[in-house]
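These notes concern the structure reproduced below.
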There are 4 protein chains.
Amino acid sequence: MARTSAEVEQELARLEVETPSWGYGDSGTRFATFPQAGRPRDAFERIDDAAEVHRLTAAAPAVALHFPWDRVEDLGSLRRHAESRGLRIGAVNPNLFQAAEYKLGSVANPDPAVRARAVAHLLECVEIATELGSTAQSLWLADGTNYAGQDDLRARRERLLESLTEVYAALPPGQELLLEYKPFEPAFYATDLADWGSALLCCQKLGEKAAVLVDFGHHLLGANIEQIVAILAAEGRLGGFHFNNRKYADDDLIVGSVNPFELFSVFVELGTDLPRLTIDQAHNVEAKIEAMTLSVVNIQEAFAKALLVDREALAAAQAEGDVLGAHEVLLEAFRADVRELCARVREAAGGAADPVAALRESGYVERIVRERGAAAPVSAGWNA
Amino acid sequence: MARTSAEVEQELARLEVETPSWGYGDSGTRFATFPQAGRPRDAFERIDDAAEVHRLTAAAPAVALHFPWDRVEDLGSLRRHAESRGLRIGAVNPNLFQAAEYKLGSVANPDPAVRARAVAHLLECVEIATELGSTAQSLWLADGTNYAGQDDLRARRERLLESLTEVYAALPPGQELLLEYKPFEPAFYATDLADWGSALLCCQKLGEKAAVLVDFGHHLLGANIEQIVAILAAEGRLGGFHFNNRKYADDDLIVGSVNPFELFSVFVELGTDLPRLTIDQAHNVEAKIEAMTLSVVNIQEAFAKALLVDREALAAAQAEGDVLGAHEVLLEAFRADVRELCARVREAAGGAADPVAALRESGYVERIVRERGAAAPVSAGWNA
Amino acid sequence: MARTSAEVEQELARLEVETPSWGYGDSGTRFATFPQAGRPRDAFERIDDAAEVHRLTAAAPAVALHFPWDRVEDLGSLRRHAESRGLRIGAVNPNLFQAAEYKLGSVANPDPAVRARAVAHLLECVEIATELGSTAQSLWLADGTNYAGQDDLRARRERLLESLTEVYAALPPGQELLLEYKPFEPAFYATDLADWGSALLCCQKLGEKAAVLVDFGHHLLGANIEQIVAILAAEGRLGGFHFNNRKYADDDLIVGSVNPFELFSVFVELGTDLPRLTIDQAHNVEAKIEAMTLSVVNIQEAFAKALLVDREALAAAQAEGDVLGAHEVLLEAFRADVRELCARVREAAGGAADPVAALRESGYVERIVRERGAAAPVSAGWNA
Amino acid sequence: MARTSAEVEQELARLEVETPSWGYGDSGTRFATFPQAGRPRDAFERIDDAAEVHRLTAAAPAVALHFPWDRVEDLGSLRRHAESRGLRIGAVNPNLFQAAEYKLGSVANPDPAVRARAVAHLLECVEIATELGSTAQSLWLADGTNYAGQDDLRARRERLLESLTEVYAALPPGQELLLEYKPFEPAFYATDLADWGSALLCCQKLGEKAAVLVDFGHHLLGANIEQIVAILAAEGRLGGFHFNNRKYADDDLIVGSVNPFELFSVFVELGTDLPRLTIDQAHNVEAKIEAMTLSVVNIQEAFAKALLVDREALAAAQAEGDVLGAHEVLLEAFRADVRELCARVREAAGGAADPVAALRESGYVERIVRERGAAAPVSAGWNA
């Protein structure tokens with residue numbers, strides 16, 4: 001029996017997505033970064049933009065931060081600013097890829113001094129998270145090599161694990177360590193945490209507070225993401241998601257813009273036991289706040305459709321080996337138009353019926369362009 | 001310091017490759033299987049062909065078998081036949097993909113009766129291996145689904161593990177269980193053991209006699225196979241290889257024919273601590289015995305080049321972060337012409353200096369065509 | 001301004017899909033073909049199944065045939081049988097991959113005798129098409145090589161072109177030559193017509209009656225199919241489609257089952273000027289007639305959504321460089337639930353409101369199982 | 001009959017590779033650019049580095065330039081500087097991706113003013129080439145879109161062609177237009193010139209002085225590059241190469257570092273009728289001048305091995321359909337150790353026997369670090 005409409009709305013209302021502070025800043029490719037007018041000038045303004053997305057969608061109550069990009073003098077004031085905007089601080093994301101020292105890696109670098117620096121930054125981020133009330137370190141390692149032979153692959157893993165063990169030991173109660181994997185870029189021969197198996201092995205060795213973070217764009221073409229989700233969830237090691245979409249590599253496009261059926265399938269696999277859900281995108285050519293708003297809407301709609309799946313009918317068809325009958329149960333839910341359902345849930349929570357239209361009508365973007373200016377100095381992000 | 005020539009030859013002489021009985025029979029794609037004249041008519045003749053490859057290369061002393069394709073009335077006679085040809089029986093490969101019952105899977109099938117049949121076949125293969133003196137079950141599972149929703153991904157894994165647990169318990173001392181993974185084909189949505197992480201997780205749950213088998217063609221494009229080898233070896237779970245090469249999918253071409261540098265890199269990673277090495281190829285359009293002979297030669301040459309790597313120079317360059325210096329140590333070994341070195345080692349062990357030329361001159365193929373006939377009924381293999 | 005509902009229904013009613021006779025027979029992978037009960041025993045019964053799909057969907061009035069698989073003694077009776085079932089004969093598909101002679105290729109084979117045989121078969125198919133009232137030769141070439149050096153790539157193309165020139169010259173008025181491309185399988189090194197550029201070059205040399213056929217599964221991962229469609233259409237060389245869907249390689253799954261948004265995007269690109277649309281799938285594990293019915297429904301829904309796109313709003317947003325505004329025009333149409341719309345159009349044309357449900361209720365499958373039997377000898381298809 | 005050693009050396013001595021000025025500057029990924037000490041401060045110093053590579057390899061007598069990165073006040077002095085260093089100016093590479101105006105494309109931009117600016121830059125580059133004695137415009141277009149619907153794919157192609165037609169008309173005698181293609185990055189939905197078919201179609205419409213440039217890293221995974229070469233060469237439209245190597249996407253690694261057999265196969269296909277050969281790499285973590293030197297050496301060795309192929313034996317085996325015999329002719333040449341052969345040819349032409357070792361011993365790098373400094377301001381390249 002499928003859920004009643006009321007049950008669907010109730011579950012849908014519980015959806016919470018973290019938006020990333022760095023998603024409001026300028027981003028680009030190695031070829032160019034195109035600055036956008038009205039870009040936030042500091043972490044406070046990035047939180048303002050995140051608050052606007054939450055105001056519109058009623059489903060983005062947390063903002064993930066990135067250090068040192070979001071460094072401020074007084075973390076307490078940043079936390080209070082977020083709270084005053086109706087937000088909480090989401091995961092803290094350390095940066096171990098930008099400094100010149102990290103050319104050959106951070107926590108897996110052959111040079112112990114560089115590893116020490118990396119560990120120190122991670123430990124600093126643990127403290128930052130504590131001050132901000134954040135419950136997670138979300139760690140993406142760019143560590144890897146570009147050429148066969150460049151470094152010893154096993155030694156790198158040992159160093160990586162040794163470094164993380166030190167950080168893990170420093171985690172206070174209530175903080176977890178999320179480990180992200182990625183097959184390539186910026187490393188083009190061997191990335192030290194290249195796939196979910198690699199990340200899971202590390203988590204097993206670290207302890208129960210370590211879990212794997214799945215980024216949609218961090219897979220080789222063809223990988224079945226919902227199956228990876230299923231395995232990690234069954235192991236109790238699914239720490240969360242970085243939502244985005246890609247057609248080719250780690251394109252960091254708007255979630256749901258390439259294959260919305262895949263996004264739906266991931267939510268079908270998750271059920272209602274949602275882990276931490278975070279958007280991680282690079283809006284290189286499109287309007288950033290609208291892109292973030294649309295992303296949250298796409299996630300809401302995918303989750304809504306997944307909630308419409310008739311689980312009993314699905315289980316029955318599966319048990320009978322009715323291949324198409326089972327598949328059609330999913331299709332039936334996916335074909336539904338959930339725009340009105342989502343609008344109702346958003347409005348009941350104080351959001352907008354049509355968040356993208358509401359944003360366009362609100363004048364918010366025009367106002368920040370006016371206030372922040374078109375030529376604001378680049379202050380954060382992938383703005384080199 | 002690099003190895004001395006004598007040391008290289010000594011290590012190289014220890015190389016042992018298993019050739020697969022099914023590699024001597026007809027194989028094809030879903031579009032056609034082109035029968036070859038002289039194809040062996042039964043398991044005894046397949047062993048004869050394997051013996052010819054060993055005679056020429058002096059490095060293929062074992063033959064992997066596949067059941068029921070290699071079924072005979074008297075296993076003892078088959079074992080004695082192999083021994084009389086100077087061979088031993090390699091891994092035993094059960095077949096869980098061909099029977100009509102397996103349309104929706106074998107050990108993970110939703111129907112308990114099908115799972116029971118699959119387990120029974122696996123248990124039978126354990127006994128077969130014991131009789132044949134084989135030390136390994138080499139298990140490739142075709143289990144998976146073609147459509148989202150077709151079956152419950154978590155339930156399938158539970159069933160799979162439950163089935164394998166029963167088989168694992170029946171393994172006698174001296175028999176190990178090798179688990180192979182593969183991302184797709186014949187399943188086109190979700191394969192139950194799709195990647196090394198998946199297979200490793202199962203092995204961890206089964207016990208210490210379970211290890212992962214890496215097939216070169218069973219990866220999504222881009223996967224770094226030598227890194228997977230490094231991780232599995234470090235975990236003590238690298239059970240062996242299925243050698244072949246591919247450009248696109250699971251093409252099952254001759255090992256080393258697409259990217260010999262990748263094959264070399266895998267041997268660099270392995271060092272001299274070699275696991276079970278088996279060829280698993282489908283010679284659809286090329287002469288089968290020559291293809292197998294060339295495959296063993298390609299493996300010998302790759303291993304020989306890997307033995308030439310100056311490990312001290314490599315470690316020194318790696319420690320200094322000398323990216324190109326380290327890479328060039330590998331290049332230096334790869335550029336060497338090892339044909340004479342390999343010829344010496346083969347001849348010292350009773351093989352041919354140039355195995356492919358020797359095969360062509362031997363008249364072996366002409367003889368089997370004469371004896372076995374061109375129109376021999378298809379008796380095994382992917383000969384549908 | 002978007003189309004009115006009446007305009008959408010009118011256009012949607014014009015949709016015509018060819019279903020393939022071979023899609024009703026048994027198919028499989030190189031590992032196994034699982035026979036299905038009730039499988040048609042000859043071309044007449046395959047046409048019966050195609051007629052059932054058309055009865056349900058009111059959008060599948062043609063059936064594509066494959067020779068020699070659909071060979072009958074009297075082509076006239078086959079044509080009349082189709083017409084009596086309300087169908088016409090779609091494209092004729094020659095078979096140049098199954099005979100033993102074609103091991104090293106057909107029209108590009110190094111052996112002139114083999115090329116002559118291939119050309120003779122193609123010329124025979126031209127005559128068959130004439131007798132059947134078919135307007136197209138739909139040619140997929142499996143020609144290619146498995147190893148570097150195996151054959152001269154340029155010479156192969158010259159032979160291929162020479163062979164096709166002979167066939168092209170024999171085309172009667174009203175018959176066109178569709179050339180299909182595919183990157184790999186069964187050839188695993190170099191396929192002679194590997195991509196659309198390759199096929200288009202041949203068509204340019206052959207003449208105006210030659211056009212490119214796009215099969216969804218015949219692309220390397222990542223290829224943008226709707227862009228290829230756009231280019232070929234602009235060149236006047238888009239001959240038609242083979243619909244299916246894939247996640248990995250040429251998986252031949254049900255169209256729309258992996259990425260329905262991509263299917264929609266292709267229809268957005270096509271507009272209302274539809275070329276020949278044919279389904280080409282292999283229903284290895286699912287019920288075949290239901291699979292074909294669902295496929296037609298998926299195509300109808302994708303086309304319906306594409307018809308809902310507000311072209312004026314789209315053009316306006318594009319002209320302004322409003323990246324997200326333009327994208328959202330597409331999203332708006334894709335999110336619509338078009339099940340009722342499609343049901344209305346089908347019912348108006350004599351089809352079923354819900355074709356899959358109607359098929360399940362009709363008893364058709366039970367009847368053919370009874371009549372044709374479960375153990376019918378394999379008579380056609382990839383049934384090895 | 002294979003070439004004599006003297007013939008091989010004679011052909012090998014004719015090899016000429018262009019190195020790219022931008023390959024001597026800093027490059028990186030979107031995540032970071034790691035500056036290298038001694039990086040050239042202007043176009044003159046980049047030419048100095050190119051001259052050093054030519055001094056060592058005796059096979060890199062031309063340097064490709066990139067504008068505006070290599071802009072100088074007096075082009076004549078730049079040309080004389082190159083000549084004084086024993087170099088000539090290779091292809092001129094316009095930049096249509098870095099300016100803020102190009103966010104939505106350059107020659108295909110929906111805004112006519114932006115297209116006009118792009119055309120003006122291209123026309124300026126035609127004049128620059130004339131002044132520098134360059135014989136080619138080498139054009140890579142980053143134009144494309146990130147989202148379905150973002151722009152009209154056909155309209156973009158029309159604009160692109162219209163823009164290029166204007167530039168083509170301005171080409172003086174002796175200047176050709178090379179068109180490069182690339183499947184993705186920076187565009188992540190549809191790149192306007194995504195594949196060779198796309199580029200070739202444009203060249204056909206432009207005229208005989210337009211030809212396709214093949215960049216090794218600009219293909220979807222699996223593409224057979226040597227086959228593309230064969231087709232373009234047969235059409236008389238192979239304008240040249242950008243050499244590099246990749247494992248994943250457009251990794252821009254050292255040519256030959258991932259798959260040297262593929263590089264060899266491309267040279268086998270080319271024969272001795274070599275088109276313009278240019279290196280295009282990004283040395284993100286490795287020493288740049290050594291990387292360039294090694295790249296030229298890798299190209300020399302691949303070409304040398306290709307020259308060793310016994311063409312008569314190859315043709316004979318191909319004619320007989322001897323699949324492995326033909327493949328083994330290639331293998332035989334590839335297995336040869338050509339280091340001494342290449343050393344002889346280099347030394348005869350005034351280069352170094354071992355260019356990489358000679359560079360390390362020369363003190364060149366230490367000297368430029370001293371002279372140019374470690375903190376030189378970034379003056380060119382992908383240094384954002």
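In what follows, chains are A, B, ... by sequence order, proteins preceding strands, each numbered from 1. What's counted below: heavy atoms across the whole structure, side chains too, no hydrogens, waters or symmetry copies.
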Open item on the list: Just so I know, are the side chains of Val258(A) and Tyr189(D) near enough to count as touching, which here means a heavy-atom distance under 4.5 Å?
Closed with: no

- [ ] Could you tell me which portion of Glu185(D) (side chain, backbone, both or neither) has an atom closer than 4.5 angstrom to a non-hydrogen atom of chain A?
- [x] both

- [ ] Test Asn284(A) against Arg30(D) for side chain to side chain contact (heavy atoms under 4.5 Å, CB included), laying out the working first.
- [x] CA-CA 11 Å; Asn284(A) 299 342; Arg30(D) 60 175 166 144; over 6 Å; no

Task: Rounded distance (nearest 0.5 Å) linking atom OG1 of Thr33(A) with atom CD of Gln98(D) - done: 10.0 Å

Task: Which portion of Leu221(D) sits near chain A, non-hydrogen atoms under 4.5 angstrom - done: neither

Open item on the list: To the nearest 0.5 Å, what is the distance between CD on Glu286(A) and NZ on Lys103(D)?
Closed with: 8.5 Å

Open item on the list: Given Phe31(D), which partner from the list Tyr102(A), Phe97(A), Phe184(A) fulfils the ring pair (Phe, Tyr, Trp, His ring centres under 6.0 Å) test?
Closed with: Phe97(A)

Open item on the list: Only heavy atoms, only distances under 4.5 angstrom. Which residues in residues 137-147 of chain D are near chain A?
Closed with: Trp140(D), Asn146(D), Tyr147(D)

Open item on the list: Please identify, among Asp251(D), Leu104(D), Thr29(D), the residue contributing the most non-hydrogen atom pairs under 4.5 Å to chain A.
Closed with: Asp251(D)

